[in-house]
Structures are given as C-alpha cells and as structure tokens.
Enquirer: 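My questions all concern the structure below.
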Amino acid sequence: MSVEPNASGAAATPAPTDFVRDIVAQHVTEKRYAKIVTRFPPEPNGYLHIGHAKSICLNFGIARENNGQCNLRFDDTNPVKEDVEYVDSITTDVQWLIAGWADHCLGFKPKGAHPEAVTSNGRPDFFRAPVAPGANAEPFFASDYFEQIYGYAVELIKRGKAYVCDLSPEDTEAYRGAPDRPGKDSPFRHRSVAENLDLFTRMRAGEFPDGARTLRAKIDNSSPNMWLRDPLLYRIRHVAHHHAGDKWCIYPLYDFAHCLSDYLEGITHSICTLEFDAHRALYDWTLESLDLPRSLPHQYEFAKLNLGYTIVSKRKLLQLVQDKSVAGWDDPRMPTISGLRRRGIPASALRRFVTGVGVTKFDSVTDVAVFEHAVREELNASAQRRLAVLKPIKLVLTNIAPGEVLECDATNNPQDETPTTRKLALTREVFIDCDDFAEVPPPKYFRLKPGGEVRLKYACIIKCDELVKDSSGQITELRCTADLTTRAGGPNVDRKVKGTIHWVSATQSIETEVRLYDRLFTVPEPDADGEFKKHLNPRSLEVVTARLETSLGAATLAERFQFERLGYFALDPKDSAPGRLVFNRTITLKDAWAPKK
RNA sequence: UGCCCGAUGGUGUAAUGGUAGCACGAACGACUCUGACUCGUUCUGUCUAGGUUCGACUCCUAGUCGGGCAGCCA
C-alpha cells in the first residue's frame with residue numbers, strides 16, 4: 001500500500017480511497033489511458049477558499065498517486081466577472097497548497113502558448129502539452145482556446161447541430177419551459193447551414209450588439225434535463241478580456257468551453273462538484289457530436305465541502321470583504337486559502353483535513369472540530385514551544401534580589417525524539433497571565449491563588465503571599481516567594497504541585513501585538529436562514545499587547561510556535577516588520593477545563 | 001405536479017452479497033513541570049415498508065426525507 005509521510009516525515013498514513021479514485025484505479029488496471037490527467041479549473045473571479053482546497057487535493061492527489069499530471073487552468077470565459085488580480089492570487093494559493101507534495105504533477109504551459117495543430121490517429125487535431133512551472137511557463141487558460149472553440153462551433157453548425165438564434169433573453173427563457181413543462185423550439189431553429197455560418201461569422205465580426213443573437217446547440221427542447229433544451233453555446237459581449245485582450249466580442253459559455261478545454265489538454269478525468277451532474281449529458285453530447293480523433297474526457301461529480309461555523313461561497317465572502325466585516329480576502333478569519341495561510345495554518349494541515357473528510361456524493365456539513373484537530377495535529381509535531389503572556393499581571397518574587405538572573409532550561413519541543421533546549425531568565429519581577437490567578441478561585445482551580453502554590457514552568461515552585469491593589473481595588477501586583485530548591489538540579493526538583501503556569505521575565509522579555517482570532521460566525525450553519533451577516537461573531541478578533549520571551553524577537557515568517565498553554569501562533573506576514581512584530585493566534589490549544597468555568 | 005442525485009452513531013466516512021470498522025466529538029480515568037500531547041474505558045448507527053437470498057448497509061420495488069436542475073454565470 002502506498003503511504004504518505006506526515007509533517008514530521010516519520011509516521012505514515014494510508015493513501016485515501018474513495019469512489020472517484022476507485023474509478024481511476026479501474027481505468028489504470030484496464031490501461032485505458034497512457035497517463036492520468038486531471039485539472040483544477042477555477043474561474044478567476046474571486047479568491048480560493050477551503051472548499052477549493054478539497055478539489056485541489058482531490059485532483060492533484062489523484063495525479064500524484066498515479067504518476068499523472070494535474071493542470072491549473074483558468075476557466076475564463078466570462079470577461080465581465082474576471083480579473084488578473086484573481087489569476088495571480090489563485091496561482092499563488094495553488095502552488096502554496098501543493099508545495100512539497102504534488103508540485104511535480106502541476107501542469108503549466110509555455111507562456112503565451114496556444115493549442116498546436118497536430119495529427120491524431122491520422123486526423124487533424126489540436127493539443128496543448130504541459131510543461132513544468134517556471135520562468136517561461138504560466139497556467140492554462142480556456143481563453144487561449146477561443147480560436148479552436150470557435151472552430152468547433154463552426155463544425156457543429158456544419159453538422160446541423162447548432163444554429164444562430166435571434167430570440168431575446170426574455171423569449172429564450174420563456175421558450176425554455178420549466179422542469180415540469182416542456183419548452184418549445186425557437187423559430188430560428190431551422191435556419192440553413194449557410195445562413196447560420198454567415199450569421200455566426202458576422203457575430204464574431206462584431207456586427208451585432210450584445211444580446212442580439214446567440215449560438216445554440218440543437219438538441220431537444222422537451223428533454224427533462226433543462227440543459228439539453230437547446231443550450232446556449234456563444235453570447236455576444238463587446239468587452240475586452242483580461243487574458244485574451246480585445247480580440248473577441250463573442251464568448252463561449254461554460255458548457256461549451258469546458259469539455260473542449262478538457263479535450264484540448266488531454267484531460268482523462270474531469271472532476272467537478274455535484275451541481276454539474278445535470279450538465280454531464282451536455283458535456284458528453286458536445287464532445288460526441290464533434291467526432292474528435294482522440295479519446296474523450298469524462299466528467300465525475302463529488303460533493304463540495306461544507307464546514308460548520310463557516311461560509312464558503314465566493315459571492316458571500318465578497319460581501320464580507322466589501323462591507324468591511326473583515327479586513328480583506330486574506331483576513332485571518334476568512335476561510336480563504338490566503339486567509340488561512342496568513343493565520344498560520346500549514347499547507348500540510350489543510351491537506352490533511354481535506355483529504356481526511358473523504359470524497360462522496362453526499363451533501364454533508366463537516367464539523368469544524370475536525371479541521372481544528374488536523375491543524376493541532378500538524379502544529380503539535382512541528383511548532384517550537386515558547387513562553388508568552390497575553391494579558392500580563394506583575395508578580396514579584398520577593399526572595400530574588402533585584403538584578404539577579406537565574407537561568408532556566410526550557411524544552412523547545414517535547415515531541416521531538418531528542419528535544420533541544422534554550423535558556424530562559426528568571427528574575428525578581430515576572431509577568432504571568434491574569435487568567436492564571438484568582439483571588440476567589442472556582443472549584444478545582446489548579447492555578448495561583450492567595451496562599452497557594454504553583455510551579456512556574458521550567459523554573460520553580462512559588463507561593464503567593466500577598467496581593468497589592470490600587471485605590472480602585474484592582475490587583476496591581478502579586479508578591480510571592482520562590483522555592484529555589486525546586487529548580488532543576490535542586491534537591492526538591494521532584495516536588496509536585498497541581499498547577500504549572502507559564503511566565504516571562506519583566507525585564508528580559510519583549511512587548512508585541514498579538515491578534516487573537518476566534519471563529520467568524522456564532523452559529524454552526526451561518527447561512528441556514530439566509531442571513532449570515534446577522535451571525536457574525538463580534539468577538540472574532542481581540543488585539544492584545546503581550547509580553548514574549550526575548551527569543552521570539554528573532555522569529556521568522558516560516559516558523560510556527562506554540563505559546564505554552566495558550567495555543568499556536570505565527571508571525572503575521574503582512575503587518576510584521578523588523579522591530580515591530582505582530583503575531584496571529586492560529587488556533588488555541590484544546591482546553592478540557594475551560595468549558596466548565 | 002417533471003427529471004437527476006443522495007441517505008450508515010452527534011459529525012465525517014469504511015465495509016462493493018458474508019464479523020457494521022475508523023476518525024472527530026463527548027464522558028470518565030491514567031499520566032503530566034503545558035488542564036496540551038499520549039494512553040485506557042465508555043457512549044451512540046445502517047431512513048421506512050415490502051421483496052430476492054442460506055445470508056442484505058450492499059441487489060430490486062415503493063415510500064419518506066434532503067439536495068440539484070428553468071443565467072446570454074461558472
């Protein structure tokens with residue numbers, strides 16, 4: 001059985017299986033294809049989100065498990081919605097997600113390349129072979145195929161399978177009928193081939209305004225499948241295209257362009273989400289109607305990812321960005337790939353999660369706990385442990401002299417086989433988190449309380465002797481004595497106390513901004529009532545000024561940290577600058593005690 | 001009142017006519033210089049009704065429930 005290494009490279013998990021992979025495996029057994037070729041085909045009209053991550057991992061996963069290839073192709077057939085901003089972000093996100101895992105399967109094409117005229121099985125054909133990503137390569141674009149797709153449309157007309165229709169948008173809709181009522185034929189359905197050819201040529205030449213005419217497939221207006229009721233193949237749009245420029249004023253629709261794009265790239269398995277199930281008949285009809293010389297791609301559908309407490313809809317995410325509910329597409333609270341990355345989620349954790357949820361045709365909602373578990377699992381293995389105090393309260397160790405420094409060895413990662421250590425400075429004044437002290441402790445409180453004892457992690461046991469309050473009754477200082485015999489190497493190092501808390505030296509620590517993120521929505525299914533914005537979590541972001549152990553001043557973007565007892569943190573890649581660090585909390589540690597508070 | 005797809009513990013999935021398993025979650029316990037991690041115990045399931053079969057989560061029929069389909073969006 002094939003296995004894949006986890007983050008540490010040590011353990012291994014079995015390769016996933018699911019109904020799509022079963023189909024591919026069957027085809028491999030049959031030697032049906034020389035090579036398995038899949039594709040990830042986003043429209044560049046928004047940022048990629050966690051739902052796309054599932055599709056990316058499915059398509060690239062199948063490619064890598066079968067020594068195949070997966071093309072990144074932009075399905076850019078509707079210029080009015082698309083932009084290069086999205087092309088760039090999507091390309092970045094895909095490469096980030098698959099880096100070190102499936103980048104060797106990623107298919108790009110030579111910059112500026114279009115399909116090549118080739119001979120397949122003795123007949124004229126077009127094909128675009130992939131190249132590896134690099135300086136002279138770029139992703140595939142459906143818009144690079146406009147010339148060929150136009151040619152295929154002409155061929156359909158010649159075969160009597162497509163016609164130019166003059167019906168207005170309103171009439172087109174009225175003629176289509178309804179799911180439970182057959183449509184009726186367009187009055188233009190029986191135009192001659194010659195007339196259709198002439199009209200289609202003139203559509204391309206720009207003789208008609210937007211919406212004046214369309215090219216439609218001639219299939220069956222009484223079909224129970226709405227997509228077979230003479231679907232539109234081309235529409236007129238006098239607008240420039242972000243990739244193809246101003247060369248075209250007619251643009252193919254998804255159903256016509258997608259199957260042909262798959263064909264031109266030699267895709268074997270065209271995997272998409274469930275809502276395209278009804279389109280499959282049209283996908284097949286188009287390809288089969290053209291009598292193409294190479295073997296045809298086939299479409300397979302799976303259920304998209306739904307995640308609890310999360311919204312995955314480009315349109316709704318766009319609303320959050322536009323009304324400034326979040327700071328942008330890459331706000332760390334967003335379920336976008338760029339947001340998750342900025343939050344500090346490792347690509348490996350995202351992959352682990354989306355492959356773990358499986359691939360089925362059942363429209364399910366995955367519990368966010370599964371996602372959070374995957375993130376913690378990765379980070380627990382790899383994150384460096386550090387001490388940091390989010391909401392500091394001053395603690396004076398009265399039996400340590402001012403200026404005295406006691407060195408402590410702190411473990412960097414107890415999960416390592418041979419953990420390394422670093423030095424921490426214990427001084428007379430330290431900070432602890434205010435959550436770790438209670439003047440009136442609740443039942444089963446293990447932390448510091450008046451007269452109580454607690455261990456300062458890596459240092460020693462301390463006892464709280466006295467509270468100092470200001471005139472308003474606010475605690476300003478805790479005065480404690482340190483039992484230095486409980487330090488490492490001391491005679492009482494093994495003395496047990498129930499609680500161990502984190503701390504930092506008041507003098508040997510740095511002050512930085514830390515952003516604490518919580519889930520964006522307060523309910524499991526934010527859009528169940530169609531009013532997702534009403535369920536925004538008002539406390540999804542809390543900014544604190546924290547005290548961090550000094551070593552964190554040298555943190556780098558690539559590093560992941562566990563602030564002990566608090567959670568996993570990483571530098572914010574956008575707002576951190578030398579001398580002004582900003583940390584994001586990626587996720588809290590699991591807390592079995594807190595919910596009982 | 002059309003057509004298509006689907007339904008397994010609270011959640012997500014596996015079992016492809018032959019022992020209903022795994023993971024998340026929850027509860028309890030052990031361990032612990034992180035109330036983390038780890039370990040142990042426990043919890044909870046095949047939508048319904050018929051049928052085929054020695055045997056059905058699996059196949060068939062009907063029903064129920066959920067999703068999808070009527071953009072010149074993808």
Side-chain angles (χ1 to χ4, degrees), chain A residues 16-19 22 41-43 45 75-78 80-82 165 167-169 172-174 176-183 210-216 223-227 229 231-237 251 253-255 257-258 272-281 301 303 308 314-315 356-374 376-377 380-381 385 387 410-411 414-415 444-447 454-461 486 488 493-502 524 562-567 588-594 596:
Chain A
T17 59
D18 53 65
F19 81 96
D22 288 346
E43 183 186 17
N45 68 344
D75 214 344
D76 55 350
T77 56
N78 186 5
V80 304
K81 288 192 170 180
E82 301 158 5
C165 180
L167 246 27
S168 68
T172 303
E173 185 184 340
R176 188 151 33 224
D180 57 350
R181 170 168 46 86
D210 288 4
R213 293 184 215 267
T214 58
L215 183 74
R216 302 179 67 175
S223 171
N225 182 343
M226 298 298 291
W227 291 102
R229 322 248 267 225
L232 273 61
L233 268 22
Y234 267 91
R235 79 289 226 187
I236 301 172
R237 282 257 210 283
Y251 293 95
L253 279 108
Y254 165 84
D255 288 292
H258 200 91
C272 61
T273 48
L274 247 27
E275 63 266 32
F276 292 100
D277 176 287
H279 297 241
R280 189 175 60 242
E301 310 87 18
K314 274 188 199 172
R315 191 175 56 80
V357 299
V359 179
T360 64
K361 297 183 82 127
F362 178 58
D363 192 17
S364 59
V365 182
T366 298
D367 193 330
V368 266
V370 179
F371 173 64
E372 295 172 343
H373 179 262
R376 293 189 180 111
E377 191 98 325
N380 180 48
R385 311 293 127 122
L387 295 190
T411 305
Q415 306 290 321
K444 289 210 166 180
Y445 190 76
F446 297 166
R447 284 108 101 142
V454 84
R455 180 179 281 277
L456 293 185
K457 179 122 189 175
Y458 304 124
C460 60
I461 293 173
T486 59
V493 61
D494 291 329
R495 184 151 81 87
K496 306 288 183 204
V497 284
K498 196 65 187 165
T500 298
I501 65 173
H502 56 276
Q562 183 196 100
F563 292 178
E564 293 207 46
R565 302 208 310 130
L566 295 172
T588 60
L589 247 33
K590 195 173 161 189
D591 190 344
W593 185 71
K596 295 180 202 159

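Proteins come first, then strands; the chains are lettered A, B, ... in the order of their sequence lines, and each starts at number 1.
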Enquirer: Could you say whether the aromatic ring of F362(A) and the base of A7(B) stack, counting only centre distances under 5.5 Å and plane angles under 30°?
Expert: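 It does not: the ring fails the test against the base of A7(B).
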Enquirer: Indicate, with a heavy-atom threshold strictly under 4.0 Å, whether K457(A) touches base, sugar-phosphate, or nothing.
Expert: base
Enquirer: Establish whether the base of G35(B) is bridged to the side chain of R447(A) by a donor-acceptor pair shorter than 3.5 Å.
Expert: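 Donor-acceptor pair under 3.5 Å: yes.
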Enquirer: Is K81(A) paired with E43(A) through a side-chain N to carboxylate O contact shorter than 4.0 Å?
Expert: no
Enquirer: Heavy atoms from C-beta onward define the side chain here; which of U16(B), A26(B), G35(B) lies closest to that of K590(A)?
Expert: A26(B)
Enquirer: For the side chain of Q415(A), counting heavy atoms from C-beta on, which of C37(B), C24(B), G2(B) is nearest?
Expert: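 So the side chain of Q415(A) is nearest to C37(B).
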Enquirer: Using the glycosidic torsion, which applies to G71(B): syn (within 90° of 0) or anti (everything else)?
Expert: syn
Enquirer: What do you reckon, do W593(A) and the base of G35(B) stack, with centroid distance below 5.5 Å and planes below 30°?
Expert: yes
Enquirer: Between T366(A) and C460(A), which is nearer to the 5' end of RNA chain B once each is assigned its nearest nucleotide?
Expert: T366(A)
Enquirer: Counting side-chain heavy atoms from C-beta on, which of C24(B), C69(B), U13(B) comes nearest to S364(A)?
Expert: U13(B)
Enquirer: Can you tell me which nucleotide in U1(B), C4(B), G25(B) comes closest to the side chain of D277(A)?
Expert: C4(B)
Enquirer: Which part of the nucleic acid, if any, lies within reach of K496(A) when heavy atoms closer than 4.0 Å are counted: base, sugar-phosphate only, or nothing?
Expert: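 Answer is sugar-phosphate: K496(A) comes under 4.0 Å of backbone atoms only.
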Enquirer: Using heavy atoms to find the nearest nucleotide of RNA chain B for Q562(A) and T360(A) separately, return the residue whose nucleotide is more 5′.
Expert: T360(A)
Enquirer: Which of the following nucleotides, C72(B), A26(B), C33(B), is nearest to the side chain of Y458(A)?
Expert: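 The answer is C33(B).
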